[in-house]
Undergrad: 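Attaching a single structure in structure tokens format; questions to follow.
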Amino acid sequence: MLDITTKAISTAAPLHLKDASGNLMYDGGLPVRIHLYGPASPQYARIEELQTARALKRAQDNEGKPSAMSADQRRETTAEDYAAVTVSFENFTYPPAGDATGADLFRATYADPALGFIVNQITRFLADWGNFKRA
């Protein structure tokens with residue numbers, strides 16, 4: 001019989017970033033990557049809770065009717081959510097964030113509209129459980 005736990009996924013995995021043209025990015029031959037917590041992690045579960053709470057609050061604030069976030073609000077909440085599931089950056093920096101580290105650095109990077117192609121890659125990466133399969 002198959003031991004189904006042999007198919008369990010890891011809680012985190014690296015995303016090798018591509019530039020806006022779709023080319024894998026490297027720095028001196030080293031891959032430019034973001035390490036992300038995945039769908040089996042408590043960090044990921046927490047952002048799902050936050051997203052649900054935000055949607056409910058928007059509905060309550062709008063007398064039970066659905067309401068969409070503005071583009072700026074959406075960018076900020078996405079940056080906050082993705083910062084919460086980011087483990088680390090590898091082989092790149094974001095100088096506009098100054099001395100920021102950790103979640104503050106991640107949030108600043110993801111909130112930059114000129115780097116939206118990174119956010120799009122994270123969205124696709126997190127949606128595919130296969131990205132978190134064990135080696």
Side-chain angles (χ1 to χ4, degrees):
M1 287 215 140
L2 173 69
D3 174 359
I4 198 67
T5 62
T6 63
K7 303 297 180 186
I9 64 169
S10 297
T11 57
L15 163 62
H16 190 160
L17 291 176
K18 296 178 181 178
D19 62 22
S21 297
N23 301 306
L24 288 171
M25 291 193 281
Y26 293 90
D27 178 52
L30 299 173
V32 172
R33 302 191 298 187
I34 297 174
H35 295 261
L36 297 161
Y37 291 110
S41 71
Q43 294 84 353
Y44 190 91
R46 179 71 181 130
I47 67 166
E48 288 182 324
E49 291 170 6
L50 290 172
Q51 290 169 346
T52 301
R54 283 189 209 115
L56 290 173
K57 181 171 180 353
R58 276 195 318 279
Q60 287 174 343
D61 292 348
N62 199 30
E63 298 177 5
K65 298 175 187 163
S67 66
M69 286 189 269
S70 70
D72 288 340
Q73 288 173 318
R74 190 171 42 258
R75 185 174 26 261
E76 289 299 320
T77 58
T78 299
E80 182 181 326
D81 291 347
Y82 288 175
V85 294
T86 299
V87 178
S88 63
F89 288 169
E90 182 181 350
N91 299 318
F92 74 100
T93 62
Y94 182 68
D99 293 336
T101 60
D104 293 333
L105 169 64
F106 308 148
R107 190 177 308 104
T109 305
Y110 302 149
D112 186 335
L115 296 174
F117 63 93
I118 292 174
V119 172
N120 288 348
Q121 290 174 65
I122 293 171
T123 300
R124 288 189 305 271
F125 188 81
L126 291 173
D128 185 351
W129 284 58
N131 290 324
F132 296 88
K133 63 185 174 196
R134 297 180 192 268

Undergrad: Which residue pairs satisfy the salt bridge (charged side-chain N to carboxylate O under 4.0 Å, His left out) criterion with at least one member in residues 78-89, sequence neighbours excluded?
TA: Arg54-Glu80, Arg54-Asp81
Undergrad: What residues, two or more places apart in sequence or in another chain, satisfy salt bridge (Lys or Arg N to Asp or Glu O under 4.0 Å) together with Lys7?
TA: none
Undergrad: Would you check if the side chain of Thr77 reaches a backbone N or O of Arg74 as a donor-acceptor pair within less than 3.5 Å?
TA: yes
Undergrad: Can you sort out the partners of Phe92 under ring pair (Phe, Tyr, Trp, His ring centres under 6.0 Å), two or more places apart, ordered by chain and number?
TA: Phe89
Undergrad: Looking only at non-hydrogen atoms, find the nearest pair between Ala83 and Ala103 and report the distance.
TA: CB-O, 3.7 Å
Undergrad: Under the ring pair (Phe, Tyr, Trp, His ring centres under 6.0 Å) definition, can you give me all pairs with a residue in residues 36-59, not counting sequence neighbours?
TA: none
Undergrad: Using links of under 4.5 Å between side-chain heavy atoms of ILVMFWY residues, direct or through other members, which residues join Leu2 in one cluster?
TA: Ile4
Undergrad: List the residues meeting side-chain hydrogen bond (donor to acceptor under 3.5 Å, both in side chains) with Thr5, not counting sequence neighbours, and say none if there are none.
TA: Asp3
Undergrad: Does any pair with a residue in residues 21-40 pass salt bridge (charged side-chain N to carboxylate O under 4.0 Å, His left out), and if so which ones, sequence neighbours excluded?
TA: Arg33-Glu90
Undergrad: For the atom pair CD1 (Ile34) and CD1 (Ile118), what is the distance rounded to the nearest 0.5 Å?
TA: 5.5 Å
Undergrad: Once salt bridge (Lys or Arg N to Asp or Glu O under 4.0 Å) is applied, do any residues pair with Glu76, and if so which ones, sequence neighbours excluded?
TA: none
Undergrad: Side-chain contact test, heavy atoms from C-beta onward, threshold under 4.5 Å: evaluate it for Val87 versus Leu36 and give yes or no.
TA: no
Undergrad: What are the two closest non-hydrogen atoms of Ser10 and Ala40, and how far apart are they?
TA: O-CB, 4.4 Å
Undergrad: Could you report the tightest heavy-atom contact between Leu105 and Ala100, atom names first, then the distance?
TA: CB-O, 3.7 Å
Undergrad: Taking Leu15 as the starting point, is it possible to reach Phe117 by hopping between hydrophobic residues whose side chains are less than 4.5 Å apart?
TA: yes
Undergrad: Just grab all the side chain to side chain donor-acceptor pair (under 3.5 Å) pairs involving residues 99-118, residues at least two apart or on different chains.
TA: Thr86-Tyr110, Tyr94-Asp112, Asp104-Arg107
Undergrad: Which is it for Asp19 and Met25 under the side chain to side chain contact (heavy atoms under 4.5 Å, CB included) test, yes or no, and what are the steps along the way?
TA: CA-CA 6 Å; Asp19 62 22; Met25 291 193 281; 4.0 Å; yes
Undergrad: Which residue pairs satisfy the salt bridge (charged side-chain N to carboxylate O under 4.0 Å, His left out) criterion with at least one member in residues 34-49, sequence neighbours excluded?
TA: Arg46-Glu49
Undergrad: With clusters built from Ile, Leu, Val, Met, Phe, Trp and Tyr whose side-chain heavy atoms come within less than 4.5 Å, directly or transitively, what are the remaining members of the cluster of Leu24, listed by chain and number?
TA: Tyr26
Undergrad: Scan residues 114-135 for pairs that pass side chain to side chain donor-acceptor pair (under 3.5 Å), counting only residues two or more places apart or in two chains.
TA: Tyr82-Thr123
